[in-house]
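The block underneath contains the structure these notes are about, expressed in structure tokens.
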Amino acid sequence: MDLHILDHRLRVTSIAKNGLVHFTHPLIKLIFLRNRTRCKFFSLTETPENYTVVLDEEGFKELPPSEHLQVESSIWLPLNVVSNGNASSSSQAVGVTKIAKSVIAPLAQQHVSVFMLSTYQTDFILVRENDLSVVVSSLEEEFNIYKEVGGESVPLNCQDVSNGLQKNGKEAIQPTVHPVLIPKNQFCVMSLDPDTLPSIATILIDVLFYSSSPKEETHSSSSQDCIEFFSFSLIDGYVSLVMDTEAQRRFPADLLFTSSSGELWRMVRIGGHPLGFDECGIVAQISQPLADSDISAYYISTFSFDHALVPEEDIGSVTDMLQHQRTEPAT
Ligand code: ARG
């Protein structure tokens, strides 16, 4: 299998809800006016806490400095696994489940902190640029590693990067078990042709920027068990959307597409208080047991919390599994 270190240098930022008004102009440019910016990697996720914006340096230049903008200090690089078609694994599972054992577990073992971004198309594993040598030495056994430079994939000469330096290796530190929240909403993971973005512009603007000012009273008794979560990304020309079924109903059905009709997902939000960026093994802790049970999962890290999406029909077993993890921590 091949691992690509993509040619994007990313910043992880968050915009405070009450500061959004200072960013609507650049965000509209980044979402809708692709030929006015050189940004190639853009992701925006709304959660109850804030808006998480992950974007490359070109995009980052568009954001005005502001007290409402928090910026994680590191440069993050996206890794991407490309399986070269040989169906070596019998698994039908999609998302982080496919890379749990080969990428996520070894990185966690070497104490490398990751930031995950699953999209409709693929899963990006963001690592700190400063950790690159450890990343390469942890993964070079399993993968052919390529670095993308100006659109071309150059095989990485491992000696260039890895000087064998591994962070303190094997001693297994007991990972913190974070509380989880399982909201009631059902989610879908969708895509659309970027050329059709203009035709959904008003709905997208409404959903993204005006969600907290409902014009109609939709508050049924169940809505308090739901979480506000909407994710849009435009990465190398590909659009990915993660939204709940309530938001989905507002879009014209013929423009958005999903991999198999009616596939719905449930969310597990990980973290009781903001997770920060230094702790490692959080993604591993969730994705490992999912991989063991061959349950597909998307995984989206945001500035404050992590979010796993699992098939609706598996939420029961996933809940049991997490419960088990909490009452009987692995030794
Ligand atoms: N760094 C965590 C890990 O390596 C995942 C990201 C958690 N932090 C966050 N702000 N979402 O497992």
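FYI, side chains are in, hydrogens and waters are out, and symmetry mates aren't considered; it's all heavy atoms of this structure.
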Begin from the C-alpha positions of R128 and E72 and carry the test salt bridge (charged side-chain N to carboxylate O under 4.0 Å, His left out) through to its verdict.
-> CA-CA 11 Å; R128 285 190 168 114; E72 206 284 319; 3.0 Å; yes
Audit row: S74, N130, side chain to side chain donor-acceptor pair (under 3.5 Å) steps and yes/no = CA-CA 8 Å; S74 325; N130 289 342; 6.0 Å; no
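Scored by the ring-ring contact (aromatic ring centres under 6.0 Å, His included) test, F251 finds no partners at all (sequence neighbours excluded). With sequence neighbours excluded, the residues satisfying side chain to side chain contact (heavy atoms under 4.5 Å, CB included) with P64 are F23, P26. Applying the ring-ring contact (aromatic ring centres under 6.0 Å, His included) rule to F124 yields the partners F41; only residues at least two apart in sequence or on another chain are considered. With sequence neighbours excluded, the residues satisfying side chain to side chain contact (heavy atoms under 4.5 Å, CB included) with S240 are T119, Y120, Q121, S233. Under the side chain to side chain contact (heavy atoms under 4.5 Å, CB included) criterion, A284 pairs with I104, A108, not counting sequence neighbours. Applying the ring-ring contact (aromatic ring centres under 6.0 Å, His included) criterion to F42, with sequence neighbours excluded, gives no partner residue. Judged as a salt bridge (charged side-chain N to carboxylate O under 4.0 Å, His left out), and not counting sequence neighbours, the contacts of R269 are E49. Looking at residues two or more places apart in sequence or on another chain, you find a side chain to side chain contact (heavy atoms under 4.5 Å, CB included) between A16 and N18, H68. Listed by chain and residue number, nothing satisfies the ring-ring contact (aromatic ring centres under 6.0 Å, His included) test with Y238 (two or more places apart in sequence, or in another chain).
Salt-bridge annotation for R249 and E246: absent, with no side-chain N of the basic residue lying under 4.0 Å from a carboxylate O of the acidic one.
Each of Q285, E279, H273 was compared with H178 under the side chain to side chain donor-acceptor pair (under 3.5 Å) criterion, and only E279 meets it. With T47 as reference, T302 is the one residue of I227, T302, I300 to meet the side-chain contact (heavy atoms from CB on, under 4.5 Å) rule.
Applying the salt bridge (Lys or Arg N to Asp or Glu O under 4.0 Å) test to residues at least two apart or on different chains, the pairs with a partner in residues 185-196 are R34-D195. Pairs engaging residues 103-126 under the salt bridge (Lys or Arg N to Asp or Glu O under 4.0 Å) rule: none recorded [sequence neighbours left out].
Under the 4.5 angstrom side-chain criterion for Ile, Leu, Val, Met, Phe, Trp and Tyr, the cluster partners of V154 are V149.
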